[in-house]
Amino acid sequence: MQEELVLSRKEGRVGILQLNRPAQLNALNDALMDALGAALLAMEKDDAIGCIILTGSAKAFAAGADISAMQPMTLSDVTRNNFIGRNWETILQVRKPVIAAVAGYALGGGCELAMMCDFIIAADNAKFGQPEIKIGIIPGAGGTQRLPRAVSKSKAMDMVLTGRMMDAQEAERAGLVSRIVPADKLEQEALDAATIIAGMSLPSVIAAKEAVNRAYETTLTEGVRFERRSFHALFATQDQKEGMKAFLEKRKPDFRHE
Ligand code: CAA
């Protein structure tokens, strides 16, 4: 029987998705990206999940798009099949937060997939890079666009043109990752962060994610206007009443996610 390409489980209100082609360092092929998209959408629909973790194996989050699958592809193939566009960006439809928990290699499409998540927690052995230039292509899943927004033009240009890797420390200094944790604590640290988020009121979590993402897509004035509207809208939720009442009564809020 074929192993599942994406393993899916729940811990409390946290959904955990693990890329599962360890022998190929989680090289991302079409079947895996289809499975990942379906698993993400299932968790998006599941009311019992408030935050999602995407992770890989101890050696690799993902070493990029599958080079053996890509090598014979022609221009006609990639255009007709909308290669990458067809199934790599399902993750962007997910309104719940997705945390990338990265150990080992996050290269090429692996780095791009991690950057499509909402933030990255890196193990101290993590390595990031966009090495596509070494095989005669360029990043194709947003690397040339998201990396400069994350780490500045100079460093992104360096990474994309030389294909070199960054270690976890450099990635944290540059702002690509939010925190570094010991490799043997990655799963627990990611779960702790996700559990905190999943315990917040889901409407405010979704609004917060959407507002921060808006900062990448618009002017400051428009972005602040957008934030203000979402901020005002949250006063219509039960959880706003409960959250503030609980604060005043010096107790934990009992959020109903409505
Ligand atoms: N595609 C297909 N197979 C891959 C792969 C990939 N991206 N990365 C690793 N593998 C396979 C290897 O071929 C090897 O398979 P075999 O055991 O059958 O030979 C297995 O995984 C283990 O890999 P290595 O033996 O190479 O392991 P290593 O520890 O010596 O090196 C590595 C690790 C530095 C990550 C190296 O595997 C590597 O450089 N991988 C390719 C990285 C890369 O170029 N990624 C970009 C792909 S293009 C892309 O992603 C396009 C895009 O933007 C969407």
Side-chain angles (χ1 to χ4, degrees), residues 2-7 17-37 40 54-93 98 100-117 120 122-151 153 155-171 176-177 183 186:
Q2 212 207 323
E3 282 277 358
E4 291 207 40
L5 294 169
V6 177
L7 305 177
L17 294 175
Q18 182 176 15
L19 306 173
N20 188 37
R21 288 186 83 202
Q24 292 81 24
L25 305 185
N26 290 332
L28 304 166
N29 63 13
D30 235 24
L32 189 153
M33 294 315 287
D34 279 341
L36 177 61
L40 282 163
L54 178 59
T55 195
S57 65
K59 188 172 175 193
F61 176 75
D66 189 321
I67 300 170
S68 55
M70 283 188 293
Q71 196 278 335
M73 288 182 191
T74 64
L75 170 62
S76 163
D77 294 331
V78 294
T79 311
R80 258 186 305 110
N81 299 329
N82 188 16
F83 179 50
I84 302 294
R86 188 183 72 74
N87 54 0
W88 278 59
E89 290 173 343
T90 310
I91 191 167
L92 303 178
Q93 295 170 32
V98 184
V102 174
Y105 298 109
L107 301 177
C111 186
E112 292 169 303
L113 183 60
M115 288 192 289
M116 282 190 244
C117 297
I120 302 174
D124 51 13
N125 70 350
K127 286 191 185 319
F128 298 87
Q130 297 291 160
E132 290 89 342
I133 200 86
K134 295 187 189 171
I135 54 171
I137 54 170
I138 67 169
T144 63
Q145 304 305 300
R146 290 195 177 87
L147 196 58
R149 282 166 167 82
V151 305
K153 174 189 162 188
K155 195 175 283 283
M157 205 59 108
D158 175 0
M159 306 297 300
V160 168
L161 291 178
T162 67
R164 78 173 175 88
M165 293 184 216
M166 263 198 281
D167 64 18
Q169 285 68 28
E170 184 179 359
L176 179 63
V177 312
L186 177 66

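As the structure lists them, so they are numbered: ligands from 1, and atoms in each ligand from 1.
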Search all heavy atoms of [X] against all heavy atoms of [Y] and return the closest pair with its distance.
X	Y	value
Glu112	Gly140	OE2-N, 3.3 Å
Val160	Leu147	CG2-CD2, 4.4 Å
Met116	Ala141	CE-O, 3.7 Å
Phe128	Met159	O-CE, 3.7 Å
Phe61	Gly110	CE2-O, 3.4 Å
Ser57	Asn26	N-ND2, 3.5 Å

Report task. Examine Glu112 against ligand 1 and note whether any of their N/O atoms are separated by less than 3.5 Å. Result -> yes
Spacing of [X] atom [atom1] and [Y] atom [atom2] [to the nearest 0.5 Å]:
X	Y	atom1	atom2	result
Glu170	Met165	CD	CE	12.5 Å
Gln71	Ile135	CD	CD1	10.0 Å
Thr90	Asp34	OG1	CG	8.0 Å

Report summary line: Out of Ala65, Ala69, Ala141, Cys111, the nearest non-hydrogen contact to atom 49 (C) of ligand 1 is supplied by Ala65
Query - Of the listed options Met33, Gln24, Lys127, closest to atom 11 (C) of ligand 1 (non-hydrogen atoms) - result: Gln24
Per-atom contact, [atom], protein heavy atoms, under 4.0 angstrom:
atom	answer
atom 30 (O) of ligand 1	no
atom 13 (O) of ligand 1	no
atom 44 (O) of ligand 1	yes
atom 25 (O) of ligand 1	no
atom 16 (P) of ligand 1	no
atom 19 (O) of ligand 1	no

Quick check on contacts: which atoms of ligand 1 are under 4.0 angstrom from a heavy atom of [X]?
X	value
Gly140	52 (C), 53 (O)
Pro139	53 (O)
Ile84	54 (C)
Glu132	48 (S), 49 (C), 50 (O), 51 (C), 52 (C), 53 (O)
Gly108	46 (C), 50 (O)

Nearest neighbour in protein (non-hydrogen) for [atom]:
atom	result
atom 1 (N) of ligand 1	Ile67 N, 2.8 Å
atom 23 (O) of ligand 1	Leu25 CD1, 3.6 Å
atom 5 (C) of ligand 1	Ala27 CB, 4.0 Å
atom 38 (C) of ligand 1	Leu107 CD1, 4.7 Å

Query - Within 6.0 angstrom of Met157 CE, more than 12 heavy atoms from elsewhere - result: no
Select one of side chain, backbone, both or neither to describe which atoms of [X] lie under 4.0 Å from any atom of ligand 1, heavy atoms only.
X	result
Ile135	side chain
Ala63	both
Pro131	side chain

Does [X] come within less than 4.0 Å of ligand 1, judged by its heavy atoms?
X	answer
Ala23	yes
Met70	yes
Lys59	yes

Query raised in the report: Picking from Lys127, Gln130, Lys155, what satisfies side-chain contact (heavy atoms from CB on, under 4.5 Å) with Met166?
Result: Lys155
Query raised in the report: So among Ile137, Leu107, Ile67, which one has a side-chain contact (heavy atoms from CB on, under 4.5 Å) with Glu132?
Result: Ile137
**Report entry** Backbone N/O of Gln169 and side chain of Asp167: donor-acceptor pair under 3.5 Å
**Finding:** yes
Report task. Indicate yes or no for a side-chain donor-acceptor contact from Asp77 to the backbone of Thr74 under 3.5 Å, with no hydrogens or angles considered. Result -> yes
